[in-house]
Amino acid sequence: MELIQNTPDLSAYLAADEAIDHDHPVVRETAARLAADVPDSYAYARAAFEFVRDTVPHSQDAGDPRVTWRASDVLTLRTGICFAKAHALAALLRAEDIPTALCYQKLDVVHGLVAVRFRGAWHRQDPRGNKPGVDAQFSLDGEQLARTPDPESNELDYPVLYAEPHPAVLRALKTAPDRPHLWKTLPTAL
């Protein structure tokens, strides 16, 4: 699949916004702590991915009713669904000047991922969190995502790389009082 930037300006994939608030002290402190232990940007990207994947439980898996959407809140409260975890990872990567896009899959509902730019190309990563049957890994040599869409079930990968969260996703996250309500309002397609 050819990934398509929704804006040709690569600097847009380094910008902060209300959800990817990489200028927030919590994001900056976390990024600095992760960067201190690695030799280069590739190792940093892997460390940031594993940090979000492994230390921020997916709220559905953990039974946590809270809804987070801003990267700093995800890192502070240590909870979030796939979109929120993608926002947190994007913020950590952008904090260290690694271009990062948000991208999506249509599964039973829309699922959120990120793509990082290394070696002149975009590489999708899925920080959702592992569990039995899910083994997402950081890779620049081929995707190892949480799920592969099943075309026979009308599932698909969206090829667009967004500099900011998709408006339908952000609206659902921001207006949900809790995760059970969010499950009723998540977009089923983009």
Side-chain angles (χ1 to χ4, degrees), residues 5-7 9-38 41 43-60 62 64-104 110-118 122-129 136 138 158 160-179 181-182 185-187 190:
Q5 292 178 208
N6 78 327
T7 178
D9 182 4
L10 196 57
S11 69
Y13 298 94
L14 292 168
D17 63 35
E18 67 176 335
I20 304 170
D21 58 341
H22 65 72
D23 49 356
H24 191 281
V26 168
V27 177
R28 288 286 184 198
E29 290 164 12
T30 304
R33 190 171 57 253
L34 292 170
D37 295 332
V38 295
S41 60
Y44 174 81
R46 178 183 303 279
F49 169 85
E50 291 174 353
F51 177 82
V52 172
R53 183 195 64 193
D54 299 343
T55 71
V56 177
H58 188 285
S59 58
Q60 173 72 19
D64 191 329
R66 298 175 292 174
V67 175
T68 55
W69 57 272
R70 186 177 286 120
S72 57
D73 292 338
V74 174
L75 296 175
T76 299
L77 299 173
R78 295 292 174 99
T79 190
I81 65 166
C82 60
F83 306 114
K85 292 181 69 156
H87 298 168
L89 179 56
L92 289 172
L93 294 171
R94 289 180 183 186
E96 291 295 315
D97 295 320
I98 298 170
T100 307
L102 299 167
C103 46
Y104 303 94
V110 175
H111 175 63
L113 317 160
V114 302
V116 296
R117 187 151 179 96
F118 280 115
W122 290 100
H123 306 273
R124 293 189 312 162
Q125 312 296 327
D126 191 343
R128 182 224 177 274
F138 183 86
Y158 291 109
V160 178
L161 301 173
Y162 294 89
E164 298 175 346
H166 191 282
V169 169
L170 195 55
R171 183 173 42 256
L173 289 169
K174 289 172 74 172
T175 60
D178 57 30
R179 189 179 36 76
H181 178 83
L182 176 63
T185 61
L186 281 175
L190 296 179

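Bear in mind the structure is a predicted one, so any value in this text is a computation, not a measurement.
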Pairing residues for F51 by the ring pair (Phe, Tyr, Trp, His ring centres under 6.0 Å) criterion, not counting sequence neighbours: none

Within-4.5 Å side-chain heavy-atom neighbours: V169 and P187: yes

Heavy-atom side-chain contact between R66 and S59 under 4.5 Å: no

Atom pair CD (Q5) and CG (L10), whose distance is rounded to the nearest 0.5 Å: 6.0 Å

Beyond-backbone contact of W122 with P99, side-chain heavy atoms, under 4.5 angstrom: yes

Pair Q60-R179, side chain to side chain contact (heavy atoms under 4.5 Å, CB included): steps then yes or no: CA-CA 8 Å; Q60 173 72 19; R179 189 179 36 76; 2.7 Å; yes

Side-chain heavy atoms of V74 within contact of V56, under 4.5 Å: yes

For H166, all residues meeting ring pair (Phe, Tyr, Trp, His ring centres under 6.0 Å), sequence neighbours excluded: Y162

Euclidean distance, I81 CD1 relative to H58 NE2, rounded to 0.5 Å: 6.0 Å

Donor-acceptor pair between H111 and D126 side chains, under 3.5 angstrom: yes

Nearest atoms (heavy-atom pairs only) where A163 meets I20: O-CD1, 4.2 Å

Would you be so kind as to tabulate the donor-acceptor pairs closer than 3.5 Å made by side chains of residues 26-38, with sequence neighbours excluded?
from	atom 1	to	atom 2	distance (Å)
R28	NE	H22	O	3.2
R28	NH1	A95	O	3.0
T30	OG1	V26	O	2.8

Minimal non-hydrogen separation, P165 against A19, with atom names: CG-CB, 3.7 Å

Residue pairs, two or more places apart or on separate chains, that pass side-chain hydrogen bond (donor to acceptor under 3.5 Å, both in side chains) and touch residues 11-21: N6-Y13, D9-S11, E18-K174, D21-S72

Contact check, side chains of L173 and L182, non-hydrogen atoms, under 4.5 Å: yes

Note, T100 side chain near R117 side chain (heavy atom, < 4.5 Å): no

Under the ring pair (Phe, Tyr, Trp, His ring centres under 6.0 Å) test, residues paired with F138 that sit two or more places apart: F49

Beyond-backbone contact of R78 with T55, side-chain heavy atoms, under 4.5 angstrom: yes

Closest approach of A168 to L190 (non-hydrogen atoms, all atoms of both residues): CB-CD2, 4.5 Å

Rounded distance [0.5 Å steps], CG in L113 versus CD in Q125: 9.5 Å

Full working for side chain to side chain contact (heavy atoms under 4.5 Å, CB included) between L102 and H87: CA-CA 8 Å; L102 299 167; H87 298 168; 4.0 Å; yes

Shortest non-hydrogen contact from A84 toward G80: CB-CA, 3.9 Å

From NZ (K85) to CZ (R128), nearest 0.5 Å: 7.5 Å

Minimum-distance pair of heavy atoms, taken over all atoms of A91 and A71: CB-CB, 3.5 Å

Taking every non-hydrogen atom, the tightest pair across L93 and A48: CD2-CB, 4.0 Å

Residue pair S41 / E96, side-chain heavy-atom distance below 4.5 Å: no

Residue list, side-chain hydrogen bond (donor to acceptor under 3.5 Å, both in side chains) with R94, at least two apart or on another chain: none

L170 and W69: CA distance, side-chain angles, deciding distance, side chain to side chain contact (heavy atoms under 4.5 Å, CB included) verdict: CA-CA 7 Å; L170 195 55; W69 57 272; 3.7 Å; yes

T79 side chain to D64 side chain, donor-acceptor N/O pair below 3.5 angstrom: yes

